[in-house]
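Report on one structure; see the data block that follows.
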Amino acid sequence: MSTIKALVVDDSKIMRSAVKRTLNQLMVAEFEYIEAMDGQDALEKFNDEIQMIFLDWNMPNMTGVEFSQAIRKKENTEHIPIIMITAEKSMGKVDTALNEGGANAYVTKPFTADQVYKVLTRFIDKDGNLLTETEESEKKSFFKDMLKFKG
């Protein structure tokens, strides 16, 4: 199991702690965290070692979607999973985050450990290693085929 460097971005310290606690309790992987209190702070703390991002939507200075768009404009960031963890629940917001913001997954607050687990297993293998883009794509394809098979 390798250590995954994760950027946890939320203006609430309590929520950052809740995200980290949930990730640690799930024991899907080992994480090393960098915390940021808004999108602007996250942009300043973002570096080439960041492997996964957990991101709130509504924050002062720079929203989660604005941060996500800024990260996706950088070179060689398309492989970094960005998981929105937000109180925004409308389908329009989900669509904006995933299609315009460049997020890879969406979890609504209050979240359960099971919801986070389901999202994490899209990006992390059973040995706790981050999947490559190709492996993630193959996994998505497998589950789509399974859903078609089951009707």
Side-chain angles (χ1 to χ4, degrees), residues 4-29 31 33-46 50-126 130-151:
I4 297 171
K5 293 194 177 190
L7 181 60
V8 180
V9 188
D10 197 306
D11 57 330
S12 166
K13 186 176 182 177
I14 293 170
M15 284 310 303
R16 290 193 307 268
S17 294
V19 169
K20 293 186 322 183
R21 185 176 48 253
T22 300
L23 295 173
N24 291 337
Q25 288 173 344
L26 290 172
M27 298 174 48
V28 173
F31 289 95
Y33 302 104
I34 296 174
E35 295 183 49
M37 60 186 170
D38 60 44
Q40 186 62 45
D41 186 33
L43 204 53
E44 292 167 11
K45 292 178 176 174
F46 182 81
I50 301 294
Q51 297 172 290
M52 191 169 229
I53 299 170
F54 298 90
L55 181 65
D56 186 22
W57 183 303
N58 293 310
M59 298 177 288
N61 301 319
M62 178 184 270
T63 68
V65 170
E66 291 168 338
F67 169 76
S68 183
Q69 290 170 333
I71 290 301
R72 292 301 188 216
K73 287 180 183 172
K74 293 180 176 276
E75 286 185 32
N76 199 24
T77 61
E78 62 280 345
H79 66 284
I80 300 171
I82 298 177
I83 299 162
M84 293 288 296
I85 299 181
T86 178
E88 296 290 349
K89 297 179 181 183
S90 76
M91 287 308 295
K93 295 287 187 176
V94 173
D95 184 60
T96 298
L98 298 176
N99 294 316
E100 296 173 27
N104 300 89
Y106 201 93
V107 176
T108 57
K109 296 176 188 173
F111 58 83
T112 65
D114 188 49
Q115 290 169 315
V116 175
Y117 178 81
K118 286 177 182 170
V119 168
L120 283 179
T121 56
R122 286 179 44 197
F123 305 103
I124 299 173
D125 70 16
K126 62 179 176 45
L130 207 54
L131 295 171
T132 65
E133 240 179 294
T134 304
E135 291 169 328
E136 181 195 341
S137 178
E138 288 171 359
K139 195 171 184 179
K140 276 184 193 174
S141 183
F142 171 78
F143 285 117
K144 278 184 182 176
D145 291 344
M146 289 297 290
L147 290 172
K148 284 180 189 172
F149 178 74
K150 289 186 175 188

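Along the sequence shown, residues are numbered consecutively beginning with 1.
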Quiz item: Is the number of heavy atoms from other residues, nucleotides or ligands under 6.0 Å of K118 NZ greater than 12?
Solution: no
Practice problem: Step through the shown structure and confirm whether more than 12 heavy atoms of other residues, nucleotides or ligands are within 6.0 Å of CZ on F111. | Solution: yes
State, with a plain yes or no, whether a side-chain heavy atom of [X] is found less than 4.5 Å away from one of [Y].
X    : Y    : answer
F67  : Q40  : no
V65  : E100 : no
D41  : N61  : no
L26  : V116 : yes
E35  : V19  : no
I80  : I53  : yes
F46  : I34  : no
L130 : M52  : yes

Heavy-atom pair of closest approach, residues [X] and [Y]:
X    : Y    : answer
M84  : A103 : CG-CB, 3.6 Å
S68  : G102 : OG-C, 3.7 Å
V119 : A105 : CG1-CB, 3.6 Å
A29  : I4   : CB-CD1, 3.6 Å
K109 : K89  : O-CE, 3.2 Å
E66  : M62  : OE1-CA, 3.4 Å

Exercise. Please lay out, stage by stage, how V9 and D38 fare under the test side-chain contact (heavy atoms from CB on, under 4.5 Å).
Key: CA-CA 6 Å; V9 188; D38 60 44; 5.6 Å; no
Quiz item: Do N24 and Y33 have a side chain donor and acceptor closer than 3.5 Å?
Solution: yes
How far does [atom1] of [X] sit from [atom2] of [Y], to the nearest 0.5 angstrom?
X   : Y   : atom1 : atom2 : result
M59 : T86 : CE    : OG1   : 9.0 Å
K20 : M15 : NZ    : CE    : 12.5 Å
T63 : D56 : OG1   : CG    : 9.5 Å
F31 : Q51 : CZ    : CD    : 9.5 Å
L98 : M91 : CG    : CE    : 8.5 Å
M37 : D10 : CE    : CG    : 12.0 Å

Practice problem: Applying side-chain contact (heavy atoms from CB on, under 4.5 Å) between I71 and each of Q69, K73, K74, report the one that passes. | Solution: K74
Quiz item: Does the side-chain contact (heavy atoms from CB on, under 4.5 Å) test come out yes or no for I85 and W57, once each step is laid out?
Solution: CA-CA 7 Å; I85 299 181; W57 183 303; over 6 Å; no
Quiz item: For the side chain of N104 and the backbone of I82, is there at least one donor-acceptor N/O pair under 3.5 Å apart?
Solution: yes
Quiz item: Is there a donor-acceptor pair closer than 3.5 Å between any side-chain N or O of T22 and the backbone N or O of A18?
Solution: yes
Self-check item: Check against salt bridge (charged side-chain N to carboxylate O under 4.0 Å, His left out), D11 and R16
Solution: CA-CA 8 Å; D11 57 330; R16 290 193 307 268; over 6 Å; no
